[in-house]
Amino acid sequence: MRLALFLPSPPLLRRGRHPLCARQATTASAAPDPALVIVESPAKAATIQKILPESRYRVRSCVGHVRELPGSAKRIPAKYKREPWAKLGVDVADDFRPLYVLIAGKQTIISHLKADLKNSAELILATDEDREGEAISWHLTELLKPTVPVRRAVFHEITPDAIEFAFRNCRDIDLNLVHAQETRRVLDRLAGYTMSPLLWKKIAKGLSAGRVQSVAMSAIVRRELARLAFVPARYAGCTARFEGPDRPVVATLSTVDAVRMVRGSDFDDHTGALTARATAKNIPVFDRPALESLVAALELADARVAAVDKKRTTRSPPRPLITSTLQQECGNKLGFGAGRTMRVAQKLYENGHITYMRTDNPNLSDQAVAACRTCVEALYGKKAVWDGKGPPRVPKPKAAQAAHEAIRPAGSTFTLPEDLPPGLERDEIAVYSLIFKRTLASQMVGAKLDQTTIKIQVQAKGDAPCRKVEFKATGSVVVDPGFLRAYQSEDVVQTPGAFLPSVVEGDKLVGSNVAVLEHETKPPARYNDASLVKDLEELGVGRPSTYASIIEKLIARGYVFRGRMLGENKSVPPRALLPSLTAFAVEKLLSKHFSSFVDAEFTAKMEEALDEIAGGSAERTHYLRQYYCGEDGLAASVERTEKEIDASVFRQILLPNMPPEMLASAAKAGKKVDKAKTAKARASSSSSSGSDGESETDWSNTKVLVSSYGPYVEQNGVVVASLPKLTLADDLTADRLETVLQLAQDPELGTDPKSGMPVLLKTSRYGPYVQLGRENDYAGGTKPKRSSLFPGMDVGTLTIDLALKLLSLPRLLGTHPKSGNEVRAAMGPYGPYVVHDGTYVSLKKDVHNVLEISFDEAMELISASEYRKEVRREKQALKKAEVQAKKKEKGTSSPKVKRSAKGGASAKRKTTAKQKSVA
DNA sequence: CAGTGAGCGAGCTTCCGCTTGACTT
């Protein structure tokens with residue numbers, strides 16, 4: 001079996017001055033078995049194979065990890081099923097020995113690699129140079145059981161030189177590094193699989209906790225708590241317009257009698273009062289009328305320029321992108337979620353447009369720096385290139401393992417965004433352009449700006465409450481845009497502040513048009529994908545490959561909602577991340593009894609311990625034992641807590657915006673209730689809630705709790721109403737709860753004139769819905785007709801007319817003139833749609849109304865969609881035929897072996913199978 | 001991918017990190 005004999009010369013060999021190829025040329029006649037090189041990513045394998053002649057190096061990929069701890073009961077091998085530790089997948093008693101199983105679906109990959117190894121002269125493991133990569137190499141040797149020499153090679157750049165260097169400097173697998181990875185893996189398993197069952201018992205089934213996800217969940221919950229505790233402060237400010245010699249300027253009132261005006265940061269977030277520091281400085285707080293009377297007493301027509309200050313500032317160029325910053329930039333500039341960013345980047349990577357997109361190393365390779373400087377020079381001139389010594393290298397982040405370089409355009413010359421080959425999607429071009437510009441910017445000179453501040457003094461009239469005030473106007477002029485030319489939009493380069501009037505100290509100005517404005521301090525913003533990833537990265541929690549999936553996991557577990565999921569509710573931005581009530585309950589339990597789960601410090605300390613294990617100065621069993629075993633270990637703590645804590649206490653939701661009597665009675669639970677006080681509190685709350693007083697709820701006997709089936713309201717221990725899963729913290733005010741309770745008591749909206757049956761408004765865990773008639777209005781077995789309210793519809797303002805329209809869904813619009821089949825409009829899980837014969841067309845918000853859409857409009861949408869479908873089908877058929885024709889051509893004209901990993905491997909497998917059968 | 005609106009109960013759920021796939025709007 002000497003396949004190599006028939007291989008055509010790879011292009012590099014023909015060009016070949018490179019040593020890798022030279023050696024190949026001299027030994028070609030001997031044609032020894034090639035080496036099997038295994039990397040993690042198929043795309044990377046294909047790129048490397050283009051450099052290495054297949055006759056000497058067969059480059060294959062293992063597609064990530066290959067073995068895992070069994071995730072669920074059905075993944076445990078029968079042999080171990082009855083072991084007490086089988087579900088954990090770690091035998092704690094036997095030095096935390098992990099039970100590894102093949103990852104589901106990786107069987108074919110492994111068998112292909114085994115077949116390739118059979119006629120390979122050696123095995124070169126070239127997985128990433130980090131903990132996980134080292135572990136993958138070790139698992140591969142365990143699975144493949146090679147009998148040929150095994151070498152470990154690492155390269156950080158895919159160039160002939162870098163690969164040759166790596167192959168000349170091979171080493172053995174670093175077992176200490178593998179131990180560090182295994183420790184990380186086992187710890188995460190012990191943490192997650194010990195804590196989650198406690199949550200099932202105490203809060204709700206199916207919940208989860210983990211070293212990473214619980215930190216992320218807690219951050220989102222704590223941000224919401226900070227918002228609920230936030231007390232806004234109000235203060236007034238003012239602007240005036242001054243006529244300069246060449247142009248006017250709008251300036252802001254900055255000082256009153258030399259004391260500066262108050263700012264938002266002078267107020268305490270929790271009390272809304274001035275901070276002690278601001279109070280000490282005697283900073284005045286004006287309300288609107290006070291400030292209005294003050295400015296009325298100013299001699300605005302007689303203003304004077306008190307100072308003109310110019311300051312030169314330099315803005316440094318940004319760092320090249322890494323996974324976290326790419327996700328932030330695409331989030332902030334393009335509005336993408338972390339998942340969408342990564343899907344687009346993956347495509348760009350697979351098609352060879354960018355380097356690897358999962359990295360924590362902000363440094364560029366030498367090849368990249370050279371390419372980048374050439375490109376900057378060509379586009380912006382030599383002066384724009386970074387003028388320091390060498391490239392602006394940046395220290396890698398604390399937790400970084402730096403197996404890859406920064407994310408940048410691929411290759412030794414950068415492709416301009418406008419020179420990308422046709423056929424890329426709009427998202428891909430947008431993300432590529434962003435990466436291209438940011439990479440260029442990172443190698444350019446800083447931007448120089450002149451910031452000018454004009455101070456304008458105005459005297460007060462004799463009877464005024466002050467003597468004199470100062471107004472201030474600031475503007476920036478870009479002196480040298482530097483990197484801004486590559487990485488900022490035009491409007492930033494041309495700052496409007498450039499247009500300050502040309503005045504000097506002492507000039508007289510005439511002011512007018514005073515505007516007094518009211519300001520209100522804003523609570524901290526909710527997280528979105530970008531800001532959460534930013535914080536997680538700074539905390540060193542999670543890895544580039546997991547940032548996007550952490551958010552998805554929190555959503556899948558019901559801990560977090562996206563603002564978008566709430567529908568038309570305008571008060572919440574669509575990209576905001578909001579905690580569910582369950583998240584509040586879990587956060588309370590974890591932070592009270594297992595603070596290491598919500599504390600990012602834990603991961604930081606773990607990383608230190610892992611570094612020691614990797615360095616050989618610490619031992620893995622010892623570390624795991626002190627984490628899990630003993631009196632203070634996790635196992636005993638969880639067991640103890642399970643016995644000690646009362647589930648109903650932790651399932652109850654208590655937030656600062658809820659009725660005060662509810663909070664008070666919870667605080668007193670277990671103690672004697674002071675009846676007089678409770679009564680007083682009740683009286684005060686009903687007057688403050690502004691309700692008519694007829695339907696007073698005894699909040700001291702009312703509780704909001706969460707369960708496996710969603711949140712609900714309980715009174716005197718009896719369930720009186722269920723709340724939608726999408727209930728937010730904001731929904732738990734007295735007024736909102738009152739509406740829910742009233743609805744549960746009296747759900748009748750009106751009567752359906754057609755059937756005479758009552759129309760009921762009810763709530764389930766899926767949210768509010770309307771129902772036609774009661775169960776006993778229908779003959780045995782038939783369920784009442786039901787329809788969900790649309791997301792964001794307000795229960796309080798729902799009318800009988802709208803309810804009837806909702807009940808008309810799914811609505812029959814007519815029959816298709818060609819097929820004779822029905823055309824219907826309805827609301828589905830993904831929004832409103834029209835459908836005919838399995839062709840679904842989503843309706844656009846604000847354009848179509850599913851309750852009103854006509855047959856003609858629906859037909860237009862459906863016909864267009866069916867036409868597009870047809871065109872696509874034809875295109876695909878054409879493509880398929882083309883590919884098949886090419887294959888045929890190749891097969892007959894030359895004995896070329898396909899270079900892709902899949903094709904090569906399957907060809908190989910066939911031959912080995914034949915050999916086996918002969919033997 | 002195109003609505004759900006409980007209540008038998010046994011068995012299951014769950015972690016983090018590495019990689020892509022096969023489908024569309």
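Throughout, a chain's letter reflects where its sequence line sits, starting with A, and its residues are numbered from 1. Only this structure's heavy atoms are used, side chains among them; waters, hydrogens and symmetry mates stay out.
Phosphate proximity of B:dT20 to A:Ser41: present, with a side-chain N or O under 4.0 Å from OP1 or OP2. A:Ser545 has a side-chain polar atom (N or O) that falls below the 4.0 Å cut-off from OP1 or OP2 of B:dC18. Phosphate contact (OP1/OP2 of B:dG5, side-chain N/O of A:Gln771, threshold under 4.0 Å): absent. At B:dT14, one or more side-chain N or O atoms of A:Arg557 fall inside 4.0 Å of OP1 or OP2 (strictly under the cut-off). For A:Gln181, no side-chain nitrogen or oxygen approaches OP1 or OP2 of B:dG17 to under 4.0 Å. OP1 or OP2 of B:dC15 has not a single side-chain nitrogen or oxygen of A:Ser196 nearer than 4.0 Å. For the pair A:Ser72 and B:dT13, the criterion of a side-chain N or O lying under 4.0 Å from OP1 or OP2 is met. Residue A:Lys553 places at least one side-chain N or O closer than 4.0 Å to OP1 or OP2 of B:dC15. Considering only side-chain N and O atoms, A:Arg211 lies under 4.0 angstrom from the phosphate OP1 or OP2 of B:dG17. One finds a side-chain N or O of A:Arg358 lying less than 4.0 angstrom from the OP1 or OP2 phosphate oxygen of B:dT19. An OP1 or OP2 oxygen of B:dT14 is reached within less than 4.0 angstrom by no side-chain nitrogen or oxygen of A:Lys87. A close approach under 4.0 Å does occur between a side-chain nitrogen or oxygen of A:Arg543 and OP1 or OP2 of B:dC18.
Looking at which nucleotide of DNA chain B each of A:Arg786 and A:Tyr356 is closest to, the 5′-most match is held by A:Arg786. Along DNA chain B, the nucleotide nearest A:Lys44 and the nucleotide nearest A:Leu69 are compared for position; the residue whose nucleotide lies closer to the 5' end is A:Leu69.
The residue A:Ala73 sits close only to the backbone: its heavy atoms come under 4.0 Å of sugar-phosphate atoms, none of a base.
Minimum atom distance to the side chain of A:Tyr766 is reached by B:dG5, of the listed B:dC18, B:dA2, B:dG5. Ranking B:dT14, B:dG17, B:dT20 by closeness to the A:Gln213 side chain, first place goes to B:dT14. Set against B:dT20, B:dC18, B:dT14, the side chain of A:Trp200 has B:dT14 as its closest nucleotide. For A:Ser764, counting side-chain heavy atoms from C-beta on, the closest listed nucleotide (B:dG17, B:dG5, B:dT20) is B:dG5. For A:Asp128, counting side-chain heavy atoms from C-beta on, the closest listed nucleotide (B:dC18, B:dC16, B:dC15) is B:dC18. You'll find that the side chain of A:His65 is closest to B:dG17, out of B:dG17, B:dT13, B:dT20. If you check B:dC18, B:dT14, B:dA2 against the side chain of A:Ser208, the one that comes closest is B:dT14.
Taken from NE2 in A:His65 to CZ in A:Arg67, the straight-line distance is 11.5 Å, to the nearest 0.5 Å. Interatomic distance, A:Arg75 CZ to A:Ile103 CD1, rounded to the nearest 0.5 Å: 8.5 Å. Rounding to the nearest 0.5 Å places OG1 of A:Thr127 at 13.5 Å from CH2 of A:Trp138. Separating the CE atom in A:Met606 from the CG atom in A:Asp611 is a distance of 9.5 Å, to the nearest 0.5 Å. Rounded to the nearest 0.5 angstrom, A:Ser324 OG and A:Arg358 CZ are separated by 14.0 Å.
As a whole-Å value, the separation of A:Lys762 NZ from B:dA6 C1' is 12 Å. A:Lys201 has its NZ atom 12 Å from the C1' atom of B:dT14, to the nearest Å. At whole-Å resolution of the value, CG in A:Leu772 and C1' in B:dG5 are 15 Å apart. Nucleotide B:dG17 holds its C1' atom 15 Å from the CG atom of A:Leu536, rounded to whole Å. Atom P of nucleotide B:dA2 and atom NE2 of A:His836 are separated by 17 Å, given to the nearest angstrom.
Comparing B:dT4 with B:dT25, their C1' atoms sit 24 Å apart, to the nearest whole Å. If you take atom P in B:dC1 and the same atom in B:dA22, they sit 15 Å apart, rounded to whole Å. As rounded to the nearest Å, B:dA10 and B:dA6 have P atoms that lie 23 Å from one another.
Nearest heavy-atom pair, A:Leu199 versus A:Ser208, reported as atom, atom and distance to 0.1 Å: CD1-O, 3.6 Å. Taking each heavy atom of A:Thr641 and A:Lys202 in turn, the nearest pair found is O-CE, 4.4 Å.
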